[in-house]
Amino acid sequence: MSGTADGSVTITRDGTNQSIRLPLLAGTIGPEVADIRKLYSDFGIFTFDPGYGGTAACESKITYIDGDEGVLLYRGYPIEQLAEQSTFLEVAHLLLNGELPNKAEAEDFHQGVMLHTMLHEQLRSFYNGFRRDAHPMAVMCGVVGALSAFYHDSLDINNPEHRRISAFRLIAKVPTIAAWTYKYAIGQPFVYPRNDLNYAENFLYMMNAVPAEPYQVSPVLARAMDLILILHADHEQNASTSTVRLAGSTGANPFACIAAGIASLWGPAHGGANEAVLKMLGEIGTPEKAREFMARVKDKQSHTRLMGFGHRVYKNYDPRAKIMQQTCHAVLAELGIKDDPLFDLAMEMEQIALKDDYFISRKLYPNVDFYSGIILKAMGFPTSMFTVLFAVARTVGWISQWKEMVEDPTNRIGRPRQLYTGAPMRDYVPVGQRG
Ligand code: ACO
């Protein structure tokens with residue numbers, strides 16, 4: 001493929017004069033994109049891109065990542081500025097509606113979301129169907145999927161009002177579902193939401209309060225929670241978001257689509273990584289053992305990865321990881337933890353990796369998950385809840401991306417093709433005649 005001055009690229013079949021001119025599409029920022037939509041119909045070939053590393057599967061105005069420079073923008077705003085100055089619900093409004101809200105819009109949005117924090121009472125009985133030792137993500141997949149069986153009045157994806165209410169319902173109810181998942185696992189009564197609290201405070205309240213005594217939410221921990229939610233709110237066309245879009249492209253209802261996203265997020269290569277980081281740090285144990293573990297990571301035969309390092313898109317420091325590392329200091333100070341062995345070990349591992357040629361040559365840097373688990377653990381969350389928290393935050397991104405897709409008149413069902421390498425056509429042989 002060769003670039004041409006008039007905004008197109010031409011593909012020529014070697015040894016022939018057959019060629020096709022593909023228009024180049026320009027985004028606001030980022031690389032140009034070759035439009036291959038006519039490549040098969042006009043030229044008879046597919047493109048091959050397992051893992052979609054070089055494929056723009058959709059047009060989007062929501063999130064932009066420059067992986068080489070370590071830049072992350074939500075609707076144009078740098079993540080650092082939003083993390084420092086904004087709140088999660090303000091960011092949710094931004095992602096969903098395209099702009100930061102003015103004062104009246106912010107109040108409306110807050111009220112709109114918080115009005116929906118309760119679950120249909122019958123949903124409580126769903127929890128009893130799960131084993132107490134079920135992974136919370138298994139419960140999340142089930143209960144979020146079940147929402148579509150309860151909210152029939154907002155399932156028409158072609159009705160803007162239904163889309164609006166479904167978005168509010170998902171953003172509002174997912175924290176309640178998540179907190180109840182935890183309460184169920186530890187055998188405590190479910191705590192109902194409190195709409196006089198802000199989004200992060202309410203979530204911490206439902207997680208930690210018990211009916212037997214008053215519970216005061218720490219403002220520092222609520223702010224840390226809010227920040228973690230902001231940092232995880234959206235991240236362009238990652239695996240779980242692409243899953244939501246693919247499910248949604250068929251016309252499936254938003255609750256079913258978000259349940260699909262939660263399933264996709266669960267894997268250790270994606271949202272499950274923060275849980276995996278803590279397990280890894282626990283196994284390594286002390287900074288003295290860090291180098292030994294690093295040697296194992298570099299030995300391909302060991303199939304060991306440094307969890308929380310590397311990213312499909314970031315080939316530089318993940319900007320969210322920097323903010324997480326700073327937040328780690330604040331949270332540990334608030335909790336009066338002077339020396340956290342896991343944090344010390346993580347920083348030691350990071351220093352070793354950043355100076356090691358294996359990581360430098362492959363451009364492997366800490367990603368958002370490297371430090372988030374340490375903060376969450378210090379805040380009292382069990383490891384199995386880490387990915388659940390990620391799902392709570394990412395629900396905003398998923399539903400924003402789903403809405404954008406459904407509202408795009410050019411949306412078509414997602415249907416990739418393949419490079420078939422199986423048997424060519426052959427005739428059926430009766431069992432007695434098979435060798
Ligand atoms: N530890 C050791 N080596 C690694 C790591 C790692 N964490 N990540 C990548 N590599 C190596 C690969 O072995 C490969 O080496 P090679 O070229 O010698 O074969 C090279 O770096 C490129 O790796 P790929 O697997 O091709 O990178 P890809 O973009 O497919 O994977 C991924 C990205 C899945 C995130 C990977 O870096 C990884 O597994 N990291 C650990 C899990 C993790 O932290 N996931 C969270 C991602 S962020 C998120 O979802 C919120």
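Numbering of ligands and ligand atoms starts at 1, following listing order.
- Ring pair Phe190/Tyr127: centre-to-centre distance below 6.0 Å.
- Distance from atom 17 (O) of ligand 1 to its nearest protein heavy atom, with residue and atom name: Arg362 NE, 3.9 Å.
- What sits closest to atom 1 (N) of ligand 1 on the protein, heavy atoms only, is Leu306 N, 3.0 Å.
- Summary of contacts: the protein heavy atom closest to atom 35 (C) of ligand 1 is Gly310 O, 3.7 Å.
- When Lys300, His303, Met280 are ranked by how near their heavy atoms come to atom 15 (O) of ligand 1, first place goes to Lys300.
- Counting heavy atoms only, His270 comes closest to atom 50 (O) of ligand 1 of the residues Arg320, His270, Lys363.
- Taking atom 48 (S) of ligand 1 as the reference point, the nearest protein heavy-atom neighbour is His311 CD2, 3.5 Å.
- Residue Ala273 has at least one heavy-atom neighbour below 4.0 Å for each of these atoms of ligand 1: 43 (C), 44 (O), 45 (N), 46 (C).
- Residue Val277 does not touch ligand 1, judged by heavy-atom distances below 4.0 Å.
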N/O donor-acceptor pairs under 3.5 Å from side chains in residues 78-89, not counting sequence neighbours:
{"residue": "Ser86", "atom": "OG", "partner": "Glu90", "partner atom": "OE1", "Å": "2.6"}
{"residue": "Thr87", "atom": "OG1", "partner": "Glu90", "partner atom": "N", "Å": "3.3"}

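- Those atoms of ligand 1 with a heavy atom of Gly308 less than 4.0 angstrom away are 43 (C), 44 (O).
- Atom 38 (C) of ligand 1 is flagged as protein-proximal [any protein heavy atom, distance under 4.0 Å].
- Close contacts of ligand 1 with Asp369, meaning ligand atoms under 4.0 Å from a residue heavy atom, involve 46 (C), 49 (C), 51 (C).
- Tested against Asn238, the residues Gln401, Arg312, Arg394 include a single side chain to side chain contact (heavy atoms under 4.5 Å, CB included) partner, Arg394.
- The single protein non-hydrogen atom nearest to atom 42 (C) of ligand 1 is Met307 CE, 3.4 Å, given as residue, atom name and distance.
- Between His235 and Tyr314, the ring centre distance stays below 6.0 Å.
- Distance from atom 10 (N) of ligand 1 to its nearest protein heavy atom, with residue and atom name: Leu364 CD1, 3.7 Å.
- The closest side-chain donor-acceptor pair between Glu350 and Tyr371 falls under 3.5 angstrom.
- The contact set between ligand 1 and Val297, taken as ligand atoms under 4.0 Å from a residue heavy atom, comprises 1 (N), 2 (C).
- Remark: the Ser154 side chain and the Arg169 side chain contain an N/O donor-acceptor pair separated by less than 3.5 Å.
- When each atom of ligand 1 is checked for a heavy atom of Arg312 under 4.0 Å away, the hits are 28 (P), 29 (O), 30 (O), 33 (C).
- Distances below 4.0 Å separate heavy atoms of Phe390 from the following atoms of ligand 1: 51 (C).
- For the residue pair Ser60 and Glu236, no side-chain donor N or O sits within less than 3.5 Å of a side-chain acceptor on the partner.
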For a ring pair (Phe, Tyr, Trp, His ring centres under 6.0 Å) check, start with the C-alpha distance between Phe359 and Phe309, then their side-chain angles and the critical distance, and finish with the verdict. CA-CA 9 Å; Phe359 294 90; Phe309 257 70; 5.7 Å; yes
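- Aromatic ring centroids of Tyr184 and Phe130 lie 6.0 Å or more apart.
- Between atom 47 (C) of ligand 1 and the options Gly53, Gly272, Ala269, the minimum heavy-atom separation is to Ala269.
- Of the N or O atoms in Phe309, one or more lie within a sub-3.5 Å distance of an N or O in ligand 1.
- In terms of polar-atom proximity, Asn367 is counted as a contact of ligand 1, with an N or O under 3.5 Å from an N or O of the ligand.
- Within a 4.0 Å radius of atom 27 (O) of ligand 1, the protein has no heavy atom.
- The aromatic ring centres of Phe343 and His329 sit less than 6.0 Å apart.
- Scanning the protein heavy atoms around atom 24 (P) of ligand 1, the nearest turns out to be Arg305 NH2, 4.1 Å.
- Each of the following atoms of ligand 1 lies closer than 4.0 Å to a heavy atom of Tyr358: 2 (C), 3 (N), 4 (C), 11 (C), 13 (O).
- Relative orientation of the His135 and Trp266 rings is tilted, given thresholds of 30° and 60° on the angle between their planes.
- Neither the backbone nor the side chain of His235 has a heavy atom within less than 4.0 Å of ligand 1.
- Between Tyr151 and His120, the ring planes are perpendicular. Angles over 60° get that label, and only those under 30° would be called parallel.
- You'll find the ring centres of Phe168 and Phe109 inside the 6.0 Å limit.
- Electrostatic pairing of Asp340 and Lys377 does not count as a salt bridge here, judged by no charged N lying under 4.0 Å from a carboxylate O.
- The residue Asn238 has no part lying near ligand 1, judged by heavy-atom distances below 4.0 Å.
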